[in-house]
Amino acid sequence: VKNEAAEILMPSFDFKRVIGDRLSRLGPNGAVVLLVIDVMDFDASFPADAVDVLHPYVLDETVDVLLVANKVDLLPTQCTRTRVTSFARRRA
């Protein structure tokens, strides 16, 4: 959100409470978490608090995380798939 006053009014998503509780009840098959980010506004769309919650599950291989970049088609043609992948890996 570009307007900080508007951002304050928006309800925050409590990733730890909503997703963390479900992860703690995972069975032996584990899970896949799909994080969809807006490539045009990576920082605002990447749930940084998700990293803290997901990290222990990724380490013990209970959860696989897939990061999906949305709106790639809006990037200039100079932004190859390799460059976008490299950018997303550095930022995440």
Side-chain angles (χ1 to χ4, degrees):
V1 175
K2 302 298 180 194
N3 183 338
E4 288 186 29
E7 186 174 0
I8 292 170
L9 298 174
M10 292 176 62
S12 63
F13 180 73
D14 189 349
F15 195 91
K16 183 174 185 172
R17 184 182 58 79
V18 175
I19 305 300
D21 289 347
R22 292 181 184 176
L23 292 175
S24 65
R25 296 188 306 256
L26 282 176
N29 294 334
V32 175
V33 175
L34 184 67
L35 293 178
V36 181
I37 57 97
D38 180 349
V39 76
M40 302 300 286
D41 195 7
F42 190 94
D43 292 333
S45 63
F46 184 80
D49 56 337
V51 175
D52 295 332
V53 174
L54 294 172
H55 189 255
Y57 298 100
V58 171
L59 286 178
D60 71 7
E61 299 180 356
T62 304
V63 171
D64 291 323
V65 177
L66 299 176
L67 182 66
V68 178
N70 191 19
K71 300 183 185 176
V72 175
D73 57 321
L74 301 178
L75 294 172
T77 55
Q78 297 87 350
C79 295
T80 64
R81 183 178 300 198
T82 304
R83 289 179 72 184
V84 173
T85 300
S86 175
F87 168 80
R89 288 183 180 183
R90 281 193 319 270
R91 299 299 288 229

Output, in order, the C-alpha distance, side-chain angles, deciding distance and verdict of salt bridge (Lys or Arg N to Asp or Glu O under 4.0 Å) for Asp52 and Lys16.
-> CA-CA 9 Å; Asp52 295 332; Lys16 183 174 185 172; over 6 Å; no
Step by step, work out the side chain to side chain contact (heavy atoms under 4.5 Å, CB included) result for Val33 and Asp64.
-> CA-CA 6 Å; Val33 175; Asp64 291 323; over 6 Å; no
Apply the test side chain to side chain contact (heavy atoms under 4.5 Å, CB included) to residues Leu23 and Leu54: give CA-CA distance (whole Å), side-chain angles for both, the deciding distance (0.1 Å), then the verdict.
-> CA-CA 8 Å; Leu23 292 175; Leu54 294 172; 3.5 Å; yes
Can you check side chain to side chain contact (heavy atoms under 4.5 Å, CB included) on Ile37 and Val68, steps first, answer last?
-> CA-CA 6 Å; Ile37 57 97; Val68 178; over 6 Å; no
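Ser45 approaches Asp38 most closely through the heavy-atom pair OG-N, 2.8 Å. Across all their heavy atoms, Ala31 and Leu26 have their closest contact at CB-CD2, 3.7 Å. The two atoms that bring Val39 and Ala69 nearest to each other are CB-CB, 4.2 Å, heavy atoms only. Smallest separation of non-hydrogen atoms from Lys71 and Met40: CB-CG, 4.2 Å.
Not counting sequence neighbours, the partners of Phe42 by the ring-ring contact (aromatic ring centres under 6.0 Å, His included) test are Phe46, Phe87. Looking at residues two or more places apart in sequence or on another chain, you find no ring-ring contact (aromatic ring centres under 6.0 Å, His included) involving Tyr57. With sequence neighbours excluded, the residues that form a side chain to side chain contact (heavy atoms under 4.5 Å, CB included) with Leu59 are His55.
Summarising the geometry, atom OG1 belonging to Thr85 is positioned 10.5 Å from atom CZ belonging to Arg90; distances are rounded to the nearest 0.5 Å.
Judged by distance alone, the side chain of Ser86 and the main-chain N or O of Thr82 form no donor-acceptor pair under 3.5 Å. Between the Arg91 side chain and the Asp43 main chain, no donor and acceptor come within less than 3.5 Å of each other.
Tracing side-chain contacts under 4.5 Å through hydrophobic residues (I, L, V, M, F, W, Y), one reaches Val36 starting from Val32; they form part of the same cluster. Under the 4.5 Å side-chain heavy-atom criterion for Ile, Leu, Val, Met, Phe, Trp and Tyr, Val84 and Leu74 are members of the same hydrophobic cluster.
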